[in-house]
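Here is the structure we will look at, set down as structure tokens.
Atoms considered below: every heavy atom in the structure, side chains included; atoms not considered: hydrogens, waters and symmetry mates.
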Amino acid sequence: MGEAGDDDQIAGPFVFTHDGDIWRVVVGEQLKGLRPAYDRRGQRDYKKPVGKLSDPAVPTRITDQGGYYLVYYDSDGQRSKWENPFMMGKTSVDEDESYFT
């Protein structure tokens, strides 16, 4: 994959889903996420999270690759669940950050 130039770098914040969990990505901040509850019909209820998630990855750069973003990070030698860099879709989730307040 080709790397985009400095003009394509962005800082976020972004909110996206991965394996049913929602994650917040901002350059310079540790990744954090939420595991949603499920309602009676089996639909995810993001407003009632079951648990909070974290990962040692701290994004250092996010680049626009056209249909997706590449997120580069530093985990300070700790093990992260993410590949470096990892791909993040552009239209994953409504960017409502109230999930993380």
Side-chain angles (χ1 to χ4, degrees):
M1 282 181 255
E3 290 187 17
D6 289 342
D7 294 340
D8 294 332
Q9 290 189 43
I10 43 186
F14 296 98
V15 178
F16 72 101
T17 60
H18 180 75
D19 291 341
D21 300 325
I22 59 173
W23 290 88
R24 182 176 183 268
V25 179
V26 181
V27 169
E29 295 182 14
Q30 185 175 354
L31 292 179
K32 58 183 177 178
L34 296 173
R35 177 151 296 145
Y38 287 85
D39 66 17
R40 291 183 194 160
R41 295 173 297 183
Q43 301 294 316
R44 289 184 207 106
D45 184 350
Y46 291 111
K47 299 294 183 184
K48 297 178 183 176
V50 176
K52 294 186 177 187
L53 307 170
S54 66
D55 190 275
V58 176
T60 56
R61 179 172 91 178
I62 301 171
T63 60
D64 188 340
Q65 300 294 308
Y68 61 94
Y69 297 111
L70 276 181
V71 180
Y72 297 83
Y73 68 85
D74 179 23
S75 61
D76 199 26
Q78 298 179 49
R79 187 176 189 101
S80 172
K81 76 175 272 172
W82 306 96
E83 294 290 325
N84 195 6
F86 67 87
M87 292 183 351
M88 176 179 62
K90 286 192 170 183
T91 58
S92 296
V93 168
D94 176 17
E95 295 180 23
D96 179 1
E97 290 193 68
S98 65
Y99 302 130
F100 297 96
T101 57

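Between the Gln30 side chain and the Ala57 main chain, no donor and acceptor come within less than 3.5 Å of each other. Under a 3.5 Å cut-off, the side chain of Asp55 and the backbone N or O of Lys81 do form a donor-acceptor pair.
Considering Val26, Leu70, Val27 as possible partners of Ile62, the one that fulfils the side chain to side chain contact (heavy atoms under 4.5 Å, CB included) test is Val27. Paired with Pro36 under the rule side chain to side chain contact (heavy atoms under 4.5 Å, CB included), one option of Asp21, Ile22, Thr17 passes, and it is Asp21.
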Lys52 and Leu34: CA distance, side-chain angles, deciding distance, side chain to side chain contact (heavy atoms under 4.5 Å, CB included) verdict: CA-CA 5 Å; Lys52 294 186 177 187; Leu34 296 173; 3.7 Å; yes
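Partners of Glu29 according to the side-chain hydrogen bond (donor to acceptor under 3.5 Å, both in side chains) rule, which considers only residues two or more places apart in sequence or in another chain, are Arg24. Among residues two or more places apart in sequence or in another chain, the side-chain hydrogen bond (donor to acceptor under 3.5 Å, both in side chains) test is passed with Ser75 by none. For Asn84, the side-chain contact (heavy atoms from CB on, under 4.5 Å) partners two or more places apart in sequence, or in a different chain, are Tyr72, Tyr73. For Arg40, there are no side-chain contact (heavy atoms from CB on, under 4.5 Å) partners at least two apart in sequence or on another chain. Remark: Arg41 engages Asp39 in a salt bridge (charged side-chain N to carboxylate O under 4.0 Å, His left out) (not counting sequence neighbours).
In summary, the side chains of Ser80 and Gln78 do not present any donor paired with an acceptor at a separation below 3.5 Å, with no hydrogens or angles considered.
Val50 and Ala37 make their closest contact through CG2-CA, 3.4 Å (heavy atoms, listed as atom of the first residue, atom of the second, distance).
Two different hydrophobic clusters hold Val58 and Leu31 under the rule that ILVMFWY side chains link at heavy-atom gaps under 4.5 Å.
Two residues are said to be in side-chain contact when any heavy atoms from C-beta on lie closer than 4.5 Å; Trp23 and Met88 fail this criterion.
Separating the NE2 atom in His18 from the CZ atom in Phe86 is a distance of 9.0 Å, to the nearest 0.5 Å.
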